[in-house]
Amino acid sequence: MSQNRLQLIIRNTEEIVTLDELRQKLESGEQLKGYIGFEPSGLFHIGWMIWAYKLRDLVNAGIKMNVLVATWHAWINDKLGGDLELIRKAGDLTIEILRALGVDMSKVNVIDAEEFAKDKDYWALVLKVAKGTSLARIKRALTIMGRKAEEAEIDASKLIYPAMQVADIFYQDLDIALGGTDQRKAHMLARDVAEKLGRKKVIAIHTPLLVGLQGGQRMEAGVDRDDYMSAIKMSKSKPENAIFVTDPPEVVESKLKQAYCPKGVVEDNPVLQINKYIIFHTENPRLVVERDPKYGGTVVFESYEDLERAFAEGKLHPLDLKAATSRKLNEILDPIRKSIERKSEYVELVRRIEKSVTR
RNA sequence: CCCGCCGUAGCUCAGCCCGGUAGAGCGCCCGGCUGUAGAUGGGGGGCGUGCAGUGACCGGGUGGUCCGGGGUUCAAGUCCCCGCGGCGGGACCA
């Protein structure tokens with residue numbers, strides 16, 4: 001039984017830090033607490049489904065999960081034009097989509113980061129964390145440092161961000177922190193500082209990240225304004241880099257059609273990755289490729305490995321792969337779209353967020 | 001979590017590679033130096049004492065669980081293993 005729980009927790013993850021600790025905690029039989037934080041920075045893109053499914057797994061494995069709606073954090077990172085009200089709403093929408101994705105939200109504790117910010121003890125923790133590390137270490141944990149951060153204008157609040165992330169974890173007194181591998185730095189900082197402050201050392205569970213549709217860059221919800229401007233300048237027909245769960249079927253189709261997917265190339269191939277991390281992670285992990293008999297006829301892949309091999313060997317044409325992927329992905333997204341469309345306020349909200357991100 | 005560097009006197013570090021009596025600089029303490037106080041006829045000087053001051057100065061002195069625990073060896077700061085602590089870097093993608 002506990003073996004099954006462990007399997008449920010670790011399947012489809014990129015890494016567990018550490019597996020031994022997780023195994024021990026599970027065996028201890030105590031009620032474990034975990035969390036995932038997300039920045040309401042735009043629409044829910046399909047890359048987020050990876051951690052959403054993992055959240056579902058953790059809930060089903062009996063872990064008491066908190067979902068932290070990181071409104072302040074998003075605000076610090078200038079998301080959605082720094083409009084805190086809109087950030088809050090985007091958070092609500094995300095929660096709604098998690099529900100639609102099959103996460104049992106009745107068992108999940110949704111927390112607004114603003115609740116933390118109201119408590120002076122929280123800020124005391126932030127300071128203690130800051131005291132327990134070095135400036136160099138904090139800078140290293142800065143996610144935005146990745147890009148052209150050297151020149152980028154960076155206000156001082158962004159230096160506080162990592163300390164807040166660590167304080168978030170301590171404040172909730174967690175056993176498990178869930179996130180994409182981009183959260184690794186923050187989680188590791190939390191583990192290091194935990195030793196110093198005599199706090200619980202969280203187990204970090206990291207899910208893989210999806211590359212953007214153009215390959216290379218990661219699928220990012222809040223498309224950078226400058227990037228976007230230069231993108232539309234260069235070419236009007238250039239597809240956006242991400243597929244959102246709220247995209248209509250034909251948009252999904254057209255985005256995928258234009259996605260980076262050279263024949264036989266596996267590396268950084270977004271279409272393959274969608275199969276690997278989403279389609280083959282569902283309860284129905286198979287891909288049906290319908291083809292004209294003159295191209296070899298319909299094939300069914302029962303495992304991602306088979307699919308990748310066929311593609312690498314050139315036995316599967318990118319167009320066929322894209323078509324099949326669109327069909328399957330739309331099948332998966334359909335119930336989510338429907339549940340959002342049922343409420344006109346959400347439809348309106350999607351439109352607003354869309355505008356705000358890209359403007 | 002992974003990798004690397006570091007941990008030796010109060011402080012900054014050398015010594016470790018190549019095993020054989022633990023070092024330097026700074027600091028600290030004592031003195032050298034300057035000033036000053038002090039019942040006696042006046043004046044001068046010396047010494048001792050107290051107090052104060054002073055220097056990239058000169059003497060003299062003070063300095064150590066060599067991070068901890070094992071191991072190898074006749075002998076460990078030095079070599080090997082396991083830890084702890086500090087720092088820096090890495091960690092999907094760029």
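Predicted, not measured: the structure shown is a model, and the values here were computed from it.
- One C1' atom belongs to G61(B), the other to G43(B), and the distance between them is 43 Å to the nearest Å.
- Considering only the side chain of Asp268(A), C93(B) comes nearest among C92(B), C93(B), C1(B).
- Taking atom P in both C67(B) and C28(B), the straight-line distance is 26 Å, to the nearest Å.
- Ring orientation note: the planes of Tyr35(A) and His187(A) are nearly perpendicular, at an angle over 60° on the 30°/60° scale.
- Between Glu267(A) atom CD and C92(B) atom P there is a gap of 13 Å when expressed in whole angstrom units.
- Gln183(A) places its CD atom 14 Å from the P atom of C92(B), with the value rounded to the nearest Å.
- A 3.5 Å limit on both hydrogen-bonding distances identifies C6(B) as the Watson-Crick or G-U partner of G85(B).
- Rounded to whole Å, the separation between the C1' atoms of G83(B) and C29(B) comes to 40 Å.
- Across G45(B) and G35(B), the matching P atoms stand 11 Å from one another, rounded to whole Å.
- Although no hydrogens or angles enter the test, the distance criterion places a donor-acceptor pair under 3.5 Å between the side chain of Asp83(A) and the main chain of Leu86(A).
- With P as the reference atom, A14(B) and A9(B) are 12 Å apart, rounded to whole Å.
- With a cut-off of 3.5 Å on both Watson-Crick or G-U wobble distances, the partner of G63(B) is given as none.
- When the P atom is used for both U73(B) and C26(B), the distance is 44 Å, rounded to whole Å.
- Across the strands present, G90(B) finds its partner in C1(B); the criterion is a Watson-Crick or G-U wobble pair with both atom distances under 3.5 angstrom.
- The aromatic rings of Phe38(A) and Trp51(A) sit parallel, their planes meeting at an angle under 30°, below the 60° perpendicular limit.
- Applying the side chain to side chain contact (heavy atoms under 4.5 Å, CB included) criterion to Lys196(A), with sequence neighbours excluded, gives no partner residue.
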Practice task
Let me have a per-nucleotide readout for nucleotides 85-91 of chain B, 5' to 3', with B, S or -, counting only protein heavy atoms under 4.0 Å.
Solution key: -SSSBBB
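- Nucleotides A24(B) and G55(B) are separated by 22 Å at their C1' atoms, to the nearest Å.
- Shown here, G31(B) forms a base pair with C58(B); the pair counts as Watson-Crick or G-U wobble because both key distances fall under 3.5 Å.
- Using a 30° and 60° split on the angle between ring planes, Phe44(A) and Trp48(A) fall in the perpendicular class, above 60°.
- In this structure G20(B) sits in a base pair with C74(B), meeting the Watson-Crick or G-U test at under 3.5 Å.
- Around the NZ atom of Lys33(A), the shell of radius 6.0 Å holds more than 12 heavy atoms that belong to other residues, nucleotides or ligands.
- Between Tyr277(A) atom OH and C93(B) atom C1' there is a gap of 12 Å when expressed in whole angstrom units.
- In this structure U49(B) sits in a base pair with A37(B), meeting the Watson-Crick or G-U test at under 3.5 Å.
- When the nearest nucleotides of RNA chain B are assigned to Lys201(A) and Leu209(A) by heavy-atom distance, the more 5′-ward of the two goes with Lys201(A).
- Rounded to whole Å, the distance from NE2 on His206(A) to C1' on C2(B) is 14 Å.
- A donor-acceptor pair shorter than 3.5 Å cannot be found between the side chains of Thr133(A) and Asp192(A).
- For Glu250(A), the CD atom sits in a packed shell: over 12 heavy atoms of surrounding residues, nucleotides or ligands are nearer than 6.0 Å.
- C17(B) and C5(B) have their C1' atoms separated by 16 Å, with the value rounded to a whole Å.
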